[in-house]
Amino acid sequence: MGRKTPADTSLRSQVYDSLREALTTGKFTPGQKLTFRFIAGVHGVSLTPVREALRRLVAEGGFEMQPNRSVRVPLMTRDRVIELRDIRIAMEGLATEKAAALATNQQIAQLHRIAREIMTVRARGDRAADRTKVREFHFALYAIARLPALLRVIEGLWLQTGPYMNLLYPDYIGSPRGPQTRARIIRALHAHDAATARREVENDIRRALSYVADLADHAGNIAPASPAIAKRPRARSSPSAGSSLTFT
């Protein structure tokens, strides 16, 4: 077997990053099956970087390997959601506490801008943009803490809970809690009030994932939301052109 070239590594990273972003923003639904060939076609790459990226994501809990060169987004149980909820509360609370002590006016202004953008896309009913912007807000907040190892742990947790965020629509998302919570977080950062900022983030995670957990049936299983529709990719002019998935 030949040595991997920088181009091989770059393609694998592109596929991995794109799939990871799609999982954490709920572009895939639990139980959704994807073939290696479809993912390769979307990205305009061969099967090799797809196989390597998926192997890594399976190890991280984002996908389950299936027969016939395919993967599936894992289904979830109430107990699993509660477990992930409690870990996220601890990890994201810590990141927020550290961020509150370090936040600059420029960083706070960025969070304020993203919070306004969430309200804009939510008002027009754009769920895909809504989920993307919510993720952007949280990770912009956690990045302020300057704890890259912790940030990577949080990303891994979102990888597993992201596909279930679709279940928050429309009832949970329709409440004013989200905008109010983000406003309180921003005020706490302005005041460098670490305890309040941490509490707001912890309560936000607890409410959202408890809501998802409570959707479980009598056996403890959580049914997925309506499946996303995978759009057939247009022909790619080069492998690097397919840097992101086209899923609704």
Side-chain angles (χ1 to χ4, degrees), residues 17 20-27 81-82 84-162 164-213:
D17 290 343
R20 190 179 180 92
E21 188 273 339
L23 284 164
T24 58
T25 57
K27 291 180 182 177
V81 170
I82 295 300
L84 291 168
R85 180 199 68 185
D86 292 347
I87 299 170
R88 280 190 54 184
I89 286 171
M91 297 297 100
E92 294 172 50
L94 174 60
T96 303
E97 180 180 327
K98 299 295 185 182
L102 299 172
T104 66
N105 288 336
Q106 182 178 3
Q107 290 167 329
I108 295 169
Q110 179 191 18
L111 291 171
H112 196 265
R113 173 185 58 76
I114 300 169
R116 290 197 305 269
E117 290 171 351
I118 293 171
M119 294 179 68
T120 299
V121 298
R122 189 163 293 177
R124 68 171 183 252
D126 188 340
R127 293 187 182 185
D130 190 339
R131 295 190 304 266
T132 298
K133 285 296 175 182
V134 167
R135 183 193 187 281
E136 184 181 352
F137 179 90
H138 279 269
F139 281 91
L141 170 61
Y142 305 148
I144 297 171
R146 303 180 201 164
L147 297 171
L150 178 59
L151 189 63
R152 199 65 179 169
V153 170
I154 294 170
E155 287 174 345
L157 295 167
W158 277 62
L159 193 71
Q160 298 173 72
T161 58
Y164 277 82
M165 293 303 96
N166 290 293
L167 294 175
L168 298 177
Y169 297 85
D171 295 342
Y172 185 88
I173 291 297
S175 81
R177 278 190 298 254
Q180 292 169 355
T181 296
R182 284 184 286 274
R184 288 193 295 268
I185 291 169
I186 290 169
R187 287 198 297 270
L189 293 180
H190 268 297
H192 296 294
D193 184 346
T196 296
R198 177 170 188 157
R199 182 173 63 251
E200 289 295 338
V201 165
E202 289 177 343
N203 288 340
D204 182 49
I205 297 166
R206 183 178 293 106
R207 286 192 299 263
L209 290 181
S210 294
Y211 177 89
V212 172

To the closest 0.5 Å, what do you measure between CD (Glu136) and CD1 (Ile118)? 8.0 Å
Please list, chain by chain and in numerical order, all residues satisfying salt bridge (Lys or Arg N to Asp or Glu O under 4.0 Å) with Asp126, sequence neighbours excluded. Arg124
Could you tell me if the side chain of Lys133 sits less than 4.5 Å from the side chain of Asp130, heavy atoms only? no
Residue pairs involving residues 137-155 (criterion salt bridge (charged side-chain N to carboxylate O under 4.0 Å, His left out); sequence neighbours excluded): Arg20-Glu155, Arg152-Glu155
What's the verdict on side-chain contact (heavy atoms from CB on, under 4.5 Å) for Ile144 and Leu111, showing C-alpha distance, side-chain angles and the deciding distance? CA-CA 11 Å; Ile144 297 171; Leu111 291 171; 4.0 Å; yes
Sorted by chain and number, sequence neighbours left out, salt bridge (Lys or Arg N to Asp or Glu O under 4.0 Å) with Lys98 holds for none
Charged N to carboxylate O below 4.0 Å: is that the case for Arg199 and Glu202? no
Name all residues meeting the side chain to side chain donor-acceptor pair (under 3.5 Å) criterion together with Arg135; count only those two or more places apart in sequence or in a different chain, and write none if there are none. Thr24
Nearest 0.5 angstrom please: Leu159 CG to Leu84 CG, how far? 10.5 Å
Students often mix this up, so state it plainly: with edges at 30° and 60°, are the rings of Tyr211 and Tyr172 parallel, tilted or perpendicular? tilted
Do you know the tightest heavy-atom contact between Gly26 and Asn166? O-ND2, 3.0 Å
Could you report the tightest heavy-atom contact between His192 and Ala100, atom names first, then the distance? ND1-O, 2.7 Å
Report the residues that fulfil salt bridge (Lys or Arg N to Asp or Glu O under 4.0 Å) with Arg184, sequence neighbours left out, ordered by chain and then residue number. Glu200
Among Ile89, Thr181, Thr196, Thr96, which one satisfies side-chain contact (heavy atoms from CB on, under 4.5 Å) with Val201? Thr96
List the steps and the verdict of side-chain contact (heavy atoms from CB on, under 4.5 Å) for Ile173 and Arg127. CA-CA 10 Å; Ile173 291 297; Arg127 293 187 182 185; over 6 Å; no
Could you list the residues that satisfy salt bridge (Lys or Arg N to Asp or Glu O under 4.0 Å) with Arg88, not counting sequence neighbours? Glu92
Quick one: pull up OG1 in Thr161 and CZ in Arg85 and give me the separation to the nearest 0.5 Å. 12.5 Å
Using a 3.5 Å distance criterion without hydrogens, assess whether the side chain of Ser175 forms a donor-acceptor pair with backbone atoms of Asp171. no
Can you tell me how the ring of Tyr142 sits relative to the ring of His138, calling it parallel under 30°, perpendicular over 60° and tilted otherwise? tilted
